[in-house]
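A short worksheet on the structure shown next.
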Number of protein chains: 2
Amino acid sequence: MTSPTRSRRSDATRAAILRAARERFAADGYERATIRAIAADAQIDPSMVMRYYGSKEGLFAAAAEFDLRLPDLTSVPPAHLGEVLVRHFLARWEGDETLVALLRAASTNPGAAERMRGIFADQLTAAVATFGSDPALTARRAGLVASQILGLAFTRYIVRLSPIVDTTPDELVAWIAPTLQRYLTGTPPG
Amino acid sequence: MTSPTRSRRSDATRAAILRAARERFAADGYERATIRAIAADAQIDPSMVMRYYGSKEGLFAAAAEFDLRLPDLTSVPPAHLGEVLVRHFLARWEGDETLVALLRAASTNPGAAERMRGIFADQLTAAVATFGSDPALTARRAGLVASQILGLAFTRYIVRLSPIVDTTPDELVAWIAPTLQRYLTGTPPG
DNA sequence: ACCGTATGCCAACACCTGTTGACACGCAAT
DNA sequence: ATTGCGTGTCAACAGGTGTTGGCATACGGT
């Protein structure tokens, strides 16, 4: 038995499968991304996928591993929270198709929706909770932020709505930052 | 041959198929909603679906027929545009699952995404254009509104994010109306 | 009453899906 | 050299998919 720290020969295959899976899931969604297509992209046999990831669900679970990597919001000037967040999100998934894969799959796959809920209810809510406003409101504030952020991602990467696709990240930040800012620090209506 | 105005006997079947199709597409998405399941819901044979709608794509095209029914925005006080819009959208699809079906399908089905683009790029942009601000900006304003509106729908009906699901329509309107108001009538940033 | 046709069901096709088990190769340790 | 195991390929299974053609039946016009 090789040492667990020593890289095994199959690690390259595992990585190739994961890369191909992310691409296919992002491009086609959960059901259209077939194991055969993923295996073909990775240039291996479909049965390898099963051996290394157990099932299609298991493969997706591994491929959709995602961390928002939210920055420490306590060290951000409170007036710039909105801008920092939009910019971070855009940068985060403009270069990583994992979230697009998750987004596409969440529409039809319950497990993916569950994971999406975890990411935006746990990670984001936790980050919002750090600059302690009214605890009773943090969940709602985080939810509202998620609604605008996910709407931006949905229109830009999934539906590909022209006015949103054609707008530069900087312009998007300028328009959307005030929205998040109000959701985060604005006084509740009513 | 029966008169085209006279209701034919099969109209009930056609309607039952359409109703079942909308339900299934809304609940399961395009690929998981099988013709057999739809036919079973409508209590008819799968081949009937093919005879009346030609193909699964044709059935979806018929089931996803959707009109935003946007009110005449010229007769709305400009300061209340945001509120009127959020309230209208919430009411519009809280009682009609067609848009949820379209939303779910748009993630994986190119035709559905195309239709979604049509709805929000044509109908919404046209409505925004009626209260004539800078024409060069109307498309972008409409796109931003779409991003928040679709994000709301996505988090509330698809991902079912708890803080958004648990919030009453009135509270959602209070929070989100100012966002749309700024996207519609606010001065451009920069 | 008759006949054409609209309506419906049944069985089957061809294809694709996730998944499985048997078998071959090559490397590493004994 | 031989043994054991990690790695990989091949073929096949069982089930589900959209879709098609043929056959019964019941309705509506004459």
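Between the side chain of B:Arg24 and the backbone N or O of B:Asp41 there is no donor-acceptor pair closer than 3.5 Å.
Rounded to an integer number of Å, the gap from B:Tyr53 OH to D:dT19 P is 15 Å. The interatomic distance linking A:Arg51 (CZ) with D:dG6 (P) rounds to 10 Å, in whole Å. Rounded to an integer number of Å, the gap from A:Gln43 CD to D:dT9 C1' is 15 Å. The distance from atom CZ of A:Arg24 to atom P of C:dT17 is 10 Å, rounded to the nearest whole Å. Atom P of nucleotide C:dG18 and atom CZ of A:Arg32 are separated by 13 Å, given to the nearest angstrom. The OH-P distance, from A:Tyr52 to C:dT20, rounds to 16 Å in whole Å. One interatomic measurement links the two molecules: CD of A:Glu31 to P of D:dG16, which rounds to 16 Å at whole-angstrom precision. Between the P atom of C:dA22 and the CE atom of A:Met48 lies a distance of 15 Å, rounded to the nearest Å.
For B:Thr108 and B:Glu31, the side-chain atoms include at least one donor-acceptor pair closer than 3.5 Å.
A salt bridge links B:Glu94 with B:Arg156: the closest approach of a Lys/Arg side-chain nitrogen to an acidic carboxylate oxygen falls below 4.0 angstrom. Salt-bridge check for A:Arg87 with A:Asp170: passed, with a basic side-chain N closer than 4.0 Å to an acidic carboxylate O.
The listed nucleotides are D:dG8, D:dG18, D:dC10; the one nearest the side chain of A:Asp45 is D:dC10. You'll find that the side chain of B:Arg36 is closest to D:dG18, out of C:dA22, D:dG18, C:dT19. Nearest nucleotide to the B:Ile35 side chain, out of C:dG18, D:dG18, C:dG8: D:dG18. The side chain of A:Met50 lies closest to C:dT19, out of C:dC9, C:dT19, D:dT9.
Taking only side-chain nitrogens and oxygens, B:Ser47 never comes nearer than 4.0 Å to OP1 or OP2 of C:dC10.
Aromatic ring pairs are classed by plane angle as parallel below 30°, tilted from 30° to 60° and perpendicular above 60°; the pair B:Phe89 and B:Phe120 is parallel.
Between A:Arg14 and B:Lys56, the residue anchored closer to the 5' end of DNA chain D is A:Arg14, taking for each the nucleotide with the nearest heavy atom.
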